[in-house]
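Side-chain atoms are counted along with the backbone in the values below, which use heavy atoms only and exclude waters and symmetry mates. Not measured: the values here are computed from a predicted model. FYI, the numbering just counts along the sequence from 1.
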Amino acid sequence: MKNANKKIKPEVLGLKEYALQPHRASIKINQNENPWDAPDRIKSETLKRIEARQWSRYPDFVAFDLHAKLARFADWTPDGMIAGNGSNELIQALLMVTIGPGKRVLICEPTFALYRQITTVLGGEIISAPVKKDFGFDAHAISDAMRMFNPVVTIICSPNNPTGQVIDAEALSSILRQTSGLVVIDEAYHEFADQSVVPCLRDHENLIVLRTFSKAMALAGLRVGYLLAAPDLTAEIKKAVLPYNLNAFSQAAAEVAIELYETDLKPLVKRIVAERERVFSELQNIAGLTPVRSRANFMIVHSVIKPQVVFEELLRRDILIRDVSSYPMLADYFRLSMGRPDENEKVLAGLREIFESAATASTN
């Protein structure tokens with residue numbers, strides 16, 4: 001096996017795989033999923049359409065119907081769009097056609113770890129611009145890094161995972177004007193912020209926007225994402241996308257979700273946002289915890305107890321959260337996704353118990 005490993009790129013051998021520990025719990029708030037399942041109307045209509053098609057036939061080579069619906073939904077042109085097997089596939093395709101040895105990617109850390117992972121596998125170099133102490137994006141740090149390192153691609157997750165911050169429109173416009181490189185805005189959580197940079201696509205040909213159906217659209221199990229960019233750009237990125245990358249079931253479900261978004265899904269988004277604000281307020285009343293305000297469906301929380309200990313104590317209570325203490329700047333933080341109101345109450349009760357017990361123990 002050691003001899004076989006000699007054929008693997010040294011950059012890959014030095015990486016840890018992107019993986020989650022196989023923990024299970026009744027209350028699962030570790031992956032930023034929608035706590036409500038896809039509504040029954042979406043499921044039943046999707047099944048009806050799938051039953052009517054021939055399963056022995058490939059899905060559409062190009063998802064024309066889905067692209068047309070996405071174009072109306074996102075207010076962008078169908079030929080400037082790629083639907084994919086989750087937005088992760090499209091991040092990979094984009095980097096495959098732009099990054100190789102000697103090419104640089106600029107990211108703002110802490111952020112989604114997969115950007116670094118894929119860049120490193122492709123032999124590229126990651127440049128990291130720090131965020132501010134309050135976790136907001138630092139436009140000056142980004143601009144300085146662009147001037148110094150001239151990255152081929154800059155990736156900004158907005159709202160950012162795991163911090164929940166959004167980039168200011170004026171700052172983004174300045175960044176786009178000063179670089180000849182590509183600027184990618186990952187909008188996986190934009191519905192919860194009620195903010196999007198898609199209108200900027202008309203003025204900036206170097207802008208690329210990524211979105212997903214996994215969060216607000218409640219289809220994480222079906223893996224659907226999409227990319228928006230200038231048609232000339234999408235024509236090149238498509239060259240790295242595998243044929244028939246999006247199966248027929250996922251295409252149909254995505255089409256139905258778009259059709260029923262306003263009536264069936266948007267109300268769930270509003271409930272999640274309301275829960276985010278309520279949980280933020282409640283956490284402020286627990287001594288030893290300091291939540292960070294978020295524009296996504298999750299938030300990070302500073303803890304005076306080690307995050308690993310909080311993780312284990314909540315897991316004993318059948319609650320699964322995300323320990324993000326290995327991320328830059330987040331040594332004392334964990335992340336909570338928003339669950340349903342009853343789930344969030346159990347999370348809050350568990351945290352009160354853990355921190356009250358710790359406070360009592362410290363005074364004895």
Task: Gap separating the CG atom of L268 from the CE atom of M217, nearest 0.5 angstrom - done: 11.5 Å
Task: For D37, all residues meeting side chain to side chain donor-acceptor pair (under 3.5 Å), sequence neighbours excluded - done: K43
Task: Partners passing side-chain contact (heavy atoms from CB on, under 4.5 Å) against V152 (at least two apart in sequence or in another chain) - done: T98, I99, K103
Open item on the list: Please check: side-chain N/O of D264 versus main-chain N/O of P39, any donor-acceptor pairing under 3.5 Å?
Closed with: no
TODO: Check side-chain contact (heavy atoms from CB on, under 4.5 Å) between T111 and all other residues, then give those that pass, not counting sequence neighbours.
DONE: I107, E109, Y115, C157, N160
Open item on the list: Pairing donors with acceptors under 3.5 angstrom, does anything connect the side chains of T119 and R104?
Closed with: no
Open item on the list: Does this structure show an ion pair linking D134 with K132, if we count only N-O contacts that are shorter than 4.0 Å?
Closed with: no
- [ ] Please name the pair of heavy atoms, one in H204 and one in S173, separated by the smallest distance, quoted to 0.1 Å.
- [x] NE2-OG, 4.1 Å
- [ ] Considering non-hydrogen atoms only, spot the tightest contact between A129 and A141 and give its length.
- [x] CB-O, 4.1 Å
Task: Verdict with reasoning, D138 to I142, per side chain to side chain contact (heavy atoms under 4.5 Å, CB included) - done: CA-CA 6 Å; D138 190 334; I142 295 171; 5.7 Å; no
Open item on the list: Do V292 and T163 have side chains that approach each other closer than 4.5 Å (heavy atoms only, starting at C-beta)?
Closed with: no
Open item on the list: Return the CG to OG1 distance between L106 and T154, rounded to the nearest 0.5 Å.
Closed with: 4.0 Å
Task: Pairs meeting criterion salt bridge (charged side-chain N to carboxylate O under 4.0 Å, His left out) with involvement of residues 145-154, two or more places apart - done: D144-R147
TODO: Spell out, as yes or no, whether a donor-acceptor pair under 3.5 Å connects the side chain of E187 to the backbone of V197.
DONE: yes
Task: Close aromatic pair by centroid cut-off 6.0 Å: F298 and F192 - done: no
TODO: Identify the two heavy atoms, one from N88 and one from I118, that lie closest to each other, and give their separation to 0.1 Å.
DONE: O-CD1, 4.5 Å
Task: Salt-bridge criterion met for E191 and R211 (N-O under 4.0 Å) - done: no
Task: V310 side chain near F355 side chain, heavy-atom distance below 4.5 Å - done: yes
Task: E277, CD: over 12 other non-hydrogen atoms inside 6.0 angstrom - done: yes
Task: Close side-chain approach of E356 and I286, heavy atoms under 4.5 Å - done: no
TODO: Taking the side chain as every heavy atom from C-beta outward, state whether L336 and L283 have any atom pair closer than 4.5 Å.
DONE: yes
Open item on the list: Please determine whether a side-chain nitrogen of the Lys or Arg among R202 and D75 lies less than 4.0 Å from a carboxylate oxygen of the Asp or Glu.
Closed with: yes
TODO: Output yes when a side-chain donor or acceptor of W76 lies under 3.5 Å from a complementary backbone atom of V198, and no otherwise.
DONE: no
TODO: Decide if the gap between the ring center of Y327 and the ring center of F112 is smaller than 6.0 angstrom.
DONE: no
Task: Set of residues satisfying ring pair (Phe, Tyr, Trp, His ring centres under 6.0 Å) with respect to Y244, sequence neighbours excluded - done: Y58, F61
Open item on the list: Could you measure the distance from the CG atom of N30 to the CD1 atom of I321? Nearest 0.5 Å is fine.
Closed with: 9.0 Å
Open item on the list: I'd like to know if the side chain of N245 and the backbone of A83 have a donor-acceptor N/O pair within less than 3.5 Å.
Closed with: yes
Open item on the list: I'd like to know if L176 and M146 are part of one continuous hydrophobic network [Ile/Leu/Val/Met/Phe/Trp/Tyr, side-chain heavy atoms within less than 4.5 Å].
Closed with: yes
TODO: Write down the atom of Y333, the atom of V324, and the distance for their closest heavy-atom approach.
DONE: O-CG2, 3.5 Å
Open item on the list: Between E236 (side chain only) and L233 (backbone N and O only), is there a donor and an acceptor less than 3.5 Å apart?
Closed with: no
Task: Under the side chain to side chain donor-acceptor pair (under 3.5 Å) test, residues paired with D65 that sit two or more places apart - done: none
Open item on the list: If you compare all heavy atoms of L228 against all heavy atoms of A74, which two are closest, and at what distance to 0.1 Å?
Closed with: CD1-CB, 4.0 Å
Open item on the list: Tell me which pairs pass side-chain hydrogen bond (donor to acceptor under 3.5 Å, both in side chains) where either residue lies in residues 294-306, with sequence neighbours left out.
Closed with: Q195-R295
TODO: Enter the distance from S325:OG to D332:CG here, rounded to the nearest 0.5 Å.
DONE: 8.5 Å
Open item on the list: As a quick check of understanding, evaluate side chain to side chain contact (heavy atoms under 4.5 Å, CB included) for L94 and L182, giving each step before the final call.
Closed with: CA-CA 10 Å; L94 164 66; L182 300 178; 4.1 Å; yes
Task: Spacing of CD1 belonging to I29 relative to CZ belonging to R340, to within rounding of 0.5 Å - done: 11.5 Å
Open item on the list: Tell me if a side-chain donor or acceptor on S357 pairs with a main-chain N or O of E353 at a distance below 3.5 Å.
Closed with: yes
TODO: Answer yes or no: is there a side-chain heavy-atom contact under 4.5 Å between I237 and L90?
DONE: no
Task: N/O donor-acceptor pair under 3.5 Å between R316 side chain and E312 backbone - done: no
- [ ] Only counting residues at least two apart or in another chain, list the ones meeting side-chain contact (heavy atoms from CB on, under 4.5 Å) with T120.
- [x] E11, L15, R116
Task: For R271, salt bridge (Lys or Arg N to Asp or Glu O under 4.0 Å) partners two or more places apart - done: none
Open item on the list: If we count only N and O atoms by modelled type, under 3.5 Å, do the side chains of N32 and R335 hold a donor and an acceptor together?
Closed with: yes
Open item on the list: Is the shortest side-chain heavy-atom distance between V183 and I208 below 4.5 Å?
Closed with: no
- [ ] Mind checking the CD-OG spacing from E275 to S337? Nearest 0.5 Å is all I need.
- [x] 13.0 Å
Open item on the list: Regarding E259 and K69, does a basic nitrogen lie under 4.0 Å from an acidic carboxylate oxygen?
Closed with: yes
- [ ] In plain terms, say whether E282 and R352 are close enough for a salt bridge, that is, a side-chain N and a carboxylate O under 4.0 Å apart.
- [x] yes
- [ ] Measure across A145 and I127 and return the closest heavy-atom pair with its distance rounded to 0.1 Å.
- [x] CB-CG2, 4.5 Å
Open item on the list: Quick check: do S158 and I185 have side-chain heavy atoms less than 4.5 Å from each other?
Closed with: yes
Open item on the list: Show every salt bridge (charged side-chain N to carboxylate O under 4.0 Å, His left out) that has at least one partner inside residues 150-168, sequence neighbours left out.
Closed with: none
- [ ] Classify the side-chain pair Q178/S143 by whether it contains a donor and acceptor separated by less than 3.5 Å.
- [x] yes
TODO: May I ask you to decide if V62's main-chain N or O and H67's side chain share a donor-acceptor pair within less than 3.5 Å?
DONE: no
Task: Under the salt bridge (Lys or Arg N to Asp or Glu O under 4.0 Å) test, residues paired with K48 that sit two or more places apart - done: E45
Open item on the list: Tell me whether T234 contacts the main-chain N or O of P231 through its side chain, where contact means a donor paired with an acceptor under 3.5 Å.
Closed with: yes
Open item on the list: Check whether D318 reaches the backbone of S26 with its side chain - one donor and one acceptor, N or O, closer than 3.5 Å.
Closed with: yes
Task: For Q251, all residues meeting side chain to side chain donor-acceptor pair (under 3.5 Å), sequence neighbours excluded - done: none
Task: Single-linkage hydrophobic cluster, 4.5 Å side-chain cutoff, I258 and L246 together - done: yes
Task: Side chain to side chain, V209 and L201, heavy atoms closer than 4.5 Å - done: yes
TODO: Determine, using ring centers only, whether Y261 and F73 are less than 6.0 Å apart.
DONE: yes
